[in-house]
Structures are given as structure tokens and as C-alpha cells.
Novice: 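My structure is below; once you've seen it, I'll send some questions.
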Amino acid sequence: MMRLLITCNKLILNGTPKKICHHLYFLCSSNKVHERNNVICSRLYSSESLNEKWNVIREGSAEILLPKGEKVFYNPAQLVSRDMTVAVMEWYVKKILEKEPERTFSVLEPFAASGLRSIRFAKEVPNVTRVYTNDFSLPAFENIQENIEHNGLGDIIEATNENAYEVLCKRRLYSNRFDMIDIDPYGTASNFIDGAVQSLKNGGLLCITCTDSKTFSGLDATVCWSRYQSIPIYKFAIKEQGLRIVLHAISISAARHGLYIEPQLSVHFGFYIRLFVKINYGNTGANQSAKKHVNVKHCRKCSSFSSHPLVEERENEKGQLFPHPVSNMPETCQTCNIPLQTGGPFWGGPLHNQELVSDILSSMEENPSKFAATKWMHGILGVLSEELHDAPFYYISDRLTGFYKKNSIRLSTISDELEKLGYKMSSFHGEHQAVKTDAPAHVLMNLIEQFPNCGRGDNSVAEEKPHKSKRTFARNPEQPKEWIKRKKVQFIYPPLE
């Protein structure tokens, strides 16, 4: 493993882009993990060669034949995403079966590639009796048919070779709608959101992937607007910003058709985001969803921000509540006294269903060998279970301390001090410096300003600057919070040994 790390560092020094080197490190170093979990992958992982034409790939309960070469897309690095999808679908189905024991379920996968996901859905998700799988690529379509026959699922899975958008359009009739739809395209999924929400039954589950992470960075806000009708803020909570931008796009698309959303799980992986969203019918819910969208005011200098809903309820002369546009958003930063940037709209509601997160964590603890990616899933979901659900977006600790020219401050110390003031704080999955809190911006900024600045390598406390209300800062001798202990387990790149 050390030799591999040295090789990747040499590639970086020789001019190879860092992202390519990090991806190479992940793919190669994951070999030991996949072997340990009996996941045999082609090309980069050990695989069983059936003959000169096929490689045999085993994942979960599925076994697929993958043609040698690059004719059909297969990404072994997305094992975590596939295992997570099966876990969420299984939880979703079991919750419905508690109320309707005889119910059966249908799944649509418009971008099937080799058909691996569809085969796993048919074999691993309870009571799935119909899987409609599609791919526009002819070699992929032929490979899907081979794999359906190889797994003996011809009576459950139906394969087509059509354009994904046309497949979704055909399924809008109520009799043809699905219980679950998995959209996993290359790049943006914005073109397929409208068709997907209309192709689901009431209470259906939409699983969606977007790999256009650069769109959410704020480098070119106009591209994000054309795809998702939202303006991102540059260098601001980029990972959470992407999740909330796509959820905003799904919500407004659903509202156009009298639907509203309930996010079940929202995860930012290394180079893409994965969302699991429940789509419900109801004009009232669609109308009320406007209250769950927010705009953000952000200071590009000190990084302070505040979230503001698009509408709020006010009383009229008769004492009746009615929605009214928010009109009291600040225009200048209280700390820096410079104009604030405006971003949004974003989804401002919860990102996760905590019941789902806790149930999946419990099931993995009962059966650790059920999924090959249990270690990663447990790390990610462990942090998700601790995230604040009512505090959109986060700060970066180094930017806060850098503004006040202070050395780095432990997240546990910041959390302890905020708790003393009556506020909560958590981390955010995938961002090890995240400070996610319900404290107002001025409270957090004042707190950071009052921290003593210790020299590097010096354990003594330096003299504090005079301030109106000095505070004494001491580390909590108790064990750190769960999310602090898990923060090293939550990342996908590089994988854990």
C-alpha cells in the first residue's frame, strides 16, 4: 500500500492531475477490501474468466457476464452506491409491507448498462415482481439480455433498447407507473427529473445520481441555473450545496404536477451525489413546499451566512395566516460591513429520514456481512445520524479561524463552547472541517474571535485580546461525540484498510 501511495505522489509531481491519481489510488487499494468481501470485479479487480469473451462479476446475490473490453460500462468503485441503494429499497419495501403484506413492487432503471442493479433489485429486494430495465447502447442491451438469462430472471425483468427520456414519457399513465425508479446517468440527471416524478406511484421512491459536481461549485452559476434553476455560491458548503440544489430541482418539478417530496437519504460521495426521495401526491403539499425552499446570504470575506425562506406565514387583519414573501433579508455583513452575496433557491428542509438511517445501521450491526461495502456504509450513515437536520449548510473551521488569524481549533472544543451557549453543532459527511450549527452567524463569529491563539507546538495559552465579555476555554475531559470519533470513517477516498 505504501508503494502505491509513493507511486501516486510521483505521478502528481510529474504533472498528472491529482484527481486522476486519487481515483487510481482508490481503485487499486480497494482490491484487498473487495477480495475480503468476495466481490470479484473485472479489469481492476480479480475476476473469473469464463472464456475468451466473458468475465464473471459477482456482487451481492447477482452474477453477471461482462464482455471483455470496454463495450459495456461497469464501475466497480460504485459498489457503495449500489449496496446503499439495495439497503434503502429494502427498508422502503419492508415499511410498506408492514401495512400491506400482500403488496408487490415494480422497479424502473432507464440507464442499466450491464443490468447489474436490476438483477440485484430482483433478487435482493423483497416482493419485487417486475423490473423494467433499459439502455440506449445496443451492446449494453445485448449484455443485459445475456445476464437476465444467466440469472434465470426472464419472468421478472424486461429489457428494452430505447432512449431513457422516451421510456419515462411512456410510463406516465397511472396504470404503468412504478413504485421505485433508479436514475443513474453519466453527468446531470436534470433532463430526466420531470419524467421520473410523473412515472412514480403515490409514495414512490426516486433514486437519483448526479455526477456533474463542478456545476454545484459556483464556478459558472449560469450552467447550474439552466440545469437546476438555482444559483450556487462560490466556495460555500459545496458538498451540501449540491445536495440541496438537486433536491430543489426535484421539488419544483414535482410541485408543477401537484406532487411534493420527502427526502429519505442524501449522500455526497467522492465525485457524485446520490439522493433517495419519496414522491407524494397532493396539491396542498405541493403548495406548502414553497416554505421549504430558502435563499442564502453569504459574506465572501468572513464566510458568515444566513438562510431565509422564500415565504413566511403572516396574520392579516382578520387573524388569518397567509403566505407572504420574506422582505427582511440583510444586505451587508454585520462583521465585515461589506455587501452580501445571494444564492439559491435551495432546498431548506431535512436531507434525511432519521428512522431510515437508524434502521439500516441496526440491520448492518445485526448482519455485518450482508453487504460488501458495510464498512463504508456504516461510516457514512453513522455521521448522517448525527447531522443537524434543521440547520442548512455549514462553515469551514479553517476559514473561520483564518479570518481572525488564529491557529486551527478542535471541532470538539467549538462544539463544547456552543453547547454552553445553548446551541447544537455537528459535522457534515465528506467534509472533515465542517461546522454545522444552529447558532446565528454573529454568535459563532464572536466565539471564534475570543478563542486564545496558541503558537504552533506550544501548549501554553497565549494572552487573550481585550474583549467585552471574555470566556474561559477548556477541553471537555469526557469522551468525544460520536460524529467526531467517526469523522475518519466517513470518507470514500481513500478506502479504509
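Everything quoted here is computed from the prediction, not taken from an experiment.
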Novice: Rounded to the nearest 0.5 Å, how far does CD1 of I409 lie from CD1 of I414?
Specialist: 5.0 Å
Novice: I need the minimum non-hydrogen distance between D135 and A112, along with the two atoms involved.
Specialist: OD2-N, 3.5 Å
Novice: Heavy-atom distance under 4.5 Å between the side chains of V246 and I250, does that happen here?
Specialist: yes
Novice: Can you confirm whether L205 sits close enough to V88 that some side-chain heavy atom of one is under 4.5 Å from a side-chain heavy atom of the other?
Specialist: yes
Novice: Do any side-chain atoms of residues 339-352 form donor-acceptor pairs under 3.5 angstrom with protein atoms, and if so which ones, sequence neighbours left out?
Specialist:
unit_1	atom_1	unit_2	atom_2	d
Q341	NE2	H298	ND1	3.1
T342	OG1	K297	NZ	2.6
W347	NE1	G349	O	3.3
W347	NE1	P350	O	3.1
H352	ND1	S266	N	3.3
H352	NE2	E387	OE1	3.2

Novice: Please find the pair of heavy atoms, one from R227 and one from D212, that lie closest to each other, and give the distance.
Specialist: NH1-OD2, 3.0 Å
Novice: Please lay out, stage by stage, how T437 and Y395 fare under the test side chain to side chain contact (heavy atoms under 4.5 Å, CB included).
Specialist: CA-CA 8 Å; T437 177; Y395 300 87; 4.2 Å; yes
Novice: Taking C-beta and beyond as the side chain, do T85 and F121 meet within less than 4.5 Å on heavy atoms?
Specialist: yes
Novice: Less than 4.5 Å apart, any side-chain heavy atom of L400 and any of Y404?
Specialist: no
Novice: Could E431 and K436 be called an ion pair, given the rule that one side-chain N must be under 4.0 Å from one carboxylate O?
Specialist: no
Novice: Could you point out which residue of V294, N295, V326 forms a side-chain contact (heavy atoms from CB on, under 4.5 Å) with L310?
Specialist: N295
Novice: Is the count of non-hydrogen atoms from other residues, nucleotides or ligands lying under 6.0 Å from K301 atom NZ greater than 12?
Specialist: no
Novice: Determine whether T129 and F105 make a side-chain contact, defined as any pair of heavy atoms from C-beta on separated by less than 4.5 Å.
Specialist: no
Novice: Flag the pair D83 and R120 as a salt bridge only when some basic side-chain nitrogen lies within less than 4.0 angstrom of an acidic carboxylate oxygen.
Specialist: yes
Novice: Check K424 with D438, please: is the shortest side-chain N to carboxylate O separation under 4.0 Å?
Specialist: no
Novice: Are more than 12 heavy atoms, taken from residues, nucleotides or ligands other than F136, located less than 6.0 Å from that residue's CZ atom?
Specialist: no
Novice: Rounded to the nearest 0.5 Å, how far does CG of L247 lie from CD1 of I252?
Specialist: 11.5 Å
Novice: Test your reading of the model: is there a side-chain donor-acceptor pair from T401 to the backbone of S397, 3.5 Å cut-off?
Specialist: yes
Novice: To the closest 0.5 Å, what do you measure between OG (S217) and CD1 (I238)?
Specialist: 6.0 Å
Novice: OG/S307 to CG/D390 distance, rounded to the nearest 0.5 angstrom?
Specialist: 11.0 Å
Novice: Give a yes or no answer on whether the side chain of Q241 reaches the backbone of I233 with a donor-acceptor pair at less than 3.5 Å.
Specialist: yes
Novice: Which atom names give the shortest non-hydrogen contact between G60 and E124, and what distance separates them?
Specialist: CA-OE2, 3.5 Å
Novice: Any salt bridge (charged side-chain N to carboxylate O under 4.0 Å, His left out) pairs touching residues 242-257, not counting sequence neighbours?
Specialist: D194-R256, E240-R244
Novice: Treating N176 as the side-chain partner and R171 as the backbone partner, does any N or O pair qualify as donor plus acceptor under 3.5 Å?
Specialist: no
Novice: Cut-off 3.5 Å, side chains only: do T104 and R130 have a donor facing an acceptor?
Specialist: no
Novice: Is it the case that the side chain of D182 and the backbone of E109 share a donor-acceptor pair, with hydrogens and angles ignored and the cut-off at 3.5 Å?
Specialist: no
Novice: Go through R82 and R117 one step at a time and tell me if the side chain to side chain contact (heavy atoms under 4.5 Å, CB included) criterion holds.
Specialist: CA-CA 7 Å; R82 290 189 288 269; R117 287 176 184 262; 3.7 Å; yes
Novice: Atom OH of Y394 and atom OG of S426: how far apart are they, to the nearest 0.5 Å?
Specialist: 11.5 Å
Novice: Is any side-chain heavy atom of R300 closer than 4.5 Å to one of K235?
Specialist: no
Novice: Keeping the roles fixed (side chain from S199, backbone from L168), state whether a donor-acceptor pair exists under 3.5 Å.
Specialist: yes
Novice: Is it the case that the ring center of F393 lies less than 6.0 angstrom away from the ring center of F428?
Specialist: no
Novice: Would you compute the distance between atom CG of L356 and atom NZ of K278 and round it to the nearest 0.5 angstrom?
Specialist: 11.0 Å
Novice: Is the count of non-hydrogen atoms from other residues, nucleotides or ligands lying under 6.0 Å from H257 atom NE2 greater than 12?
Specialist: yes
Novice: Taking the side chain from K406 and the backbone from F451, do they hold a donor-acceptor pair closer than 3.5 Å?
Specialist: yes
Novice: Please check this pair: side chain of K239 against backbone of G430, looking for a donor-acceptor N/O pair closer than 3.5 Å.
Specialist: yes
Novice: Hey, is the main chain of E162 close enough, under 3.5 Å, to the side chain of T160 for a donor-acceptor pair?
Specialist: no
Novice: For H429 and H268, what are the C-alpha separation, side-chain angles and deciding distance, and is it a side chain to side chain contact (heavy atoms under 4.5 Å, CB included)?
Specialist: CA-CA 7 Å; H429 68 279; H268 190 290; 3.9 Å; yes
Novice: Where does the angle between the aromatic ring planes of Y228 and F216 fall among parallel (under 30°), tilted (30 to 60°) and perpendicular (over 60°)?
Specialist: tilted
Novice: Is any side-chain heavy atom of L444 closer than 4.5 Å to one of Y423?
Specialist: no
Novice: With distance as the sole test, does S385 use its side chain to make a donor-acceptor pair with the main-chain N or O of V357 at under 3.5 Å?
Specialist: no
Novice: Can we call the ring centroids of F192 and F111 under 6.0 Å apart?
Specialist: yes
Novice: So F276 and M84, side chain to side chain contact (heavy atoms under 4.5 Å, CB included) or not? Walk me through it.
Specialist: CA-CA 10 Å; F276 301 88; M84 190 83 79; 4.3 Å; yes
Novice: For S408 versus D398, what's the shortest heavy-atom pair and its separation?
Specialist: OG-OD1, 3.4 Å
Novice: What closest approach, in Å, do A255 and S289 show between heavy atoms, and which atom pair accounts for it?
Specialist: CB-OG, 4.2 Å
Novice: Please give me the minimum heavy-atom distance between G203 and N280, naming the atom from each residue.
Specialist: CA-OD1, 3.5 Å
Novice: Are Y272 and D184 close enough that some pair of their side-chain heavy atoms sits under 4.5 Å apart?
Specialist: no
Novice: Is the side chain of H248 donor-acceptor paired with the backbone N or O of Q229 at a distance under 3.5 Å, no angle test?
Specialist: yes
Novice: Can you tell whether the side chains of E90 and K94 come within less than 4.0 Å, N to carboxylate O?
Specialist: yes
